[in-house]
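Inspection log for the structure reproduced underneath, given as structure tokens.
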2 protein chains.
Amino acid sequence: MKVNTKTRYGIRTLMELARNDSGAGMHQKDIAVNQDISYKYLDHIIAQLKSSGLIVPVSGRKSGYRLTRKPEEIAVYDVFTAFNSTLALLDCLFDGELCEKHERCAAREFWDGLNSVIENYLKDRTIGDLIDRQSALESQQGGLAYQI
Amino acid sequence: MKVNTKTRYGIRTLMELARNDSGAGMHQKDIAVNQDISYKYLDHIIAQLKSSGLIVPVSGRKSGYRLTRKPEEIAVYDVFTAFNSTLALLDCLFDGELCEKHERCAAREFWDGLNSVIENYLKDRTIGDLIDRQSALESQQGGLAYQI
DNA sequence: TTTTATCCTACAAAACAGATAGGAAAAGTA
DNA sequence: TACTTTTCCTATCTGTTTTGTAGGATAAAA
């Protein structure tokens, strides 16, 4: 049970954009360098973030990618669902048809409960929270990093 | 982010043993049939449960596999760790050496927090809870099943 | 002694993760 | 305009993990 790298990189990409709130957008190249993510791999991450409506490329002066919402309005849950078709620990959680015992299965209920706990955790925390915490960490110790 | 089938089957195997508390042990064949798990695949599940000390094979009259502890003393967490080397959503959570930014990484803290939430959920629920709930479900609606 | 059950190791198909590669299209720049 | 850079799209590759199956040795039960 691991979180995939796309989700993790996606979060870091949004954090990068959220921090760099200088008015100008940010280019893929700079995100890749700052976050130490392969430039080409980032292609996929960005495509996904874009099609999920979390970021948008702007052109003209100050071109680059930008967040479509304020960091404090982007729940980590939104990023997660952008990279994972469903947040379902088991397929049968969201698809009752898969098992005729769906309605009277204590195990399914158990996993469903865990699923909810995870979902709530992800919904309760935003990209804004993350960059705030990152700033706090950095002012404590210096250095700049929120790499995983 | 899925739970693997071995963990799920492992839980169901323990539930099966916990229910069948007739004094006699239970044979692999019967577990396989009752839980609709491939007999041969169950080999691996059982081996793992055994080496984790959760079940033990007994011989003589009333032979078969038995739980080594009471159902209410087996946390689902114990089963989970039997089938997953660590409960770590990310490798860097348990291995600070993997990333020099470990101590000042808001993202890592975030995942760490989620990890704890999951861990607590798994530790707070036992096989005993699951079979109690299953009994309740079955007495409500009849039928017997806790398959995933 | 025959049958059945446990135990152990090897193998294999399929799915998935984590990337890399190439180039078309669009945008920026001189 | 010409050229350079950046974005965007699709295909491919490689390794690992998952989900099993297979075969047989060993031990136990009938």
Side-chain angles (χ1 to χ4, degrees), chain A residues 1-13 17 24-66 80 82-86 88-92 98 147-148, chain B residues 1-13 17 24-53 55-66 80 82-86 88-92 98 148:
Chain A
M1 210 171 76
K2 295 270 188 250
V3 176
N4 61 29
T5 59
K6 283 193 181 172
T7 304
R8 297 195 286 112
Y9 290 178
I11 290 171
R12 279 163 50 190
T13 297
L17 295 184
M26 227 180 151
H27 289 235
Q28 179 172 337
K29 188 181 58 182
D30 299 316
I31 300 169
V33 169
N34 290 0
Q35 284 296 328
D36 196 30
I37 299 172
S38 144
Y39 177 79
K40 272 299 195 180
Y41 195 39
L42 194 54
D43 258 30
H44 302 294
I45 317 288
I46 284 175
Q48 201 62 48
L49 291 172
K50 229 180 351 165
S51 74
S52 306
L54 290 167
I55 64 174
V56 76
V58 292
S59 45
R61 265 186 335 106
K62 301 187 173 181
S63 71
Y65 294 104
R66 298 234 192 119
F80 196 95
F83 292 100
N84 302 269
S85 52
T86 60
L89 257 22
L90 278 67
D91 288 328
C92 72
L98 279 179
Q147 210 146 281
I148 294 181
Chain B
M1 210 169 79
K2 295 268 187 252
V3 176
N4 60 33
T5 59
K6 282 193 181 173
T7 304
R8 297 196 285 111
Y9 291 178
I11 291 171
R12 279 163 50 191
T13 296
L17 295 185
M26 225 181 152
H27 290 237
Q28 179 172 339
K29 189 182 57 180
D30 300 316
I31 300 169
V33 169
N34 290 359
Q35 285 296 327
D36 196 29
I37 299 172
S38 143
Y39 177 79
K40 272 301 196 178
Y41 194 37
L42 194 54
D43 258 30
H44 301 297
I45 318 287
I46 284 176
Q48 201 62 47
L49 291 172
K50 229 181 350 164
S51 75
S52 305
I55 65 174
V56 76
V58 292
S59 44
R61 267 187 332 109
K62 300 186 174 182
S63 71
Y65 295 104
R66 297 231 193 122
F80 195 94
F83 292 100
N84 301 270
S85 53
T86 60
L89 257 21
L90 279 67
D91 288 329
C92 72
L98 279 179
I148 295 181

* Do the side chain of B:His44 and the base of D:dT21 come within less than 3.5 angstrom through a donor-acceptor pair of N or O atoms? -> yes

* Asked: Any donor-acceptor pair under 3.5 Å joining the side chain of A:Asn4 to the base of C:dC16?
  -> no

* Counting side-chain heavy atoms from CB outward, which of D:dT7, D:dG20, D:dT21 is closest to A:Gln28? -> D:dT7

* Please check the phosphate of C:dA26 (OP1 and OP2 only) for any side-chain N or O of A:Ser59 closer than 4.0 Å. => no

* C:dG18 phosphate, OP1 or OP2: any side-chain N/O from A:Thr5 under 4.0 angstrom? -> yes

* Asked: Should A:Lys50 be listed as having a side-chain N or O under 4.0 Å from OP1 or OP2 of D:dC8?
  -> yes

* For B:Tyr39, report the nucleic acid contact type (base, sugar-phosphate, nothing); a contact means any heavy atom under 4.0 Å. => base

* Given C:dG28, D:dT6, C:dC7, the nucleotide with the shortest approach to the side chain of B:Lys40 -> C:dC7

* Asked: Counting just side-chain N and O atoms, does B:Tyr65 come under 4.0 Å of either OP1 or OP2 of C:dC7?
  -> yes

* Asked: So, B:Tyr65 versus B:Thr13: side-chain donor-acceptor pair below 3.5 Å or not?
  -> no

* Asked: For A:Lys29 and D:dT5, is the shortest distance between a side-chain N/O and OP1 or OP2 below 4.0 Å?
  -> no

* Starting from the 5' end of DNA chain C, give me the residue, A:Asp43 or A:Val58, whose nearest nucleotide shows up first. => A:Asp43

* Determine the contact category for A:Lys2: base if any of its heavy atoms lies under 4.0 Å from a base atom, sugar-phosphate if only primed atoms, P, OP1 or OP2 are that close, otherwise nothing. => nothing

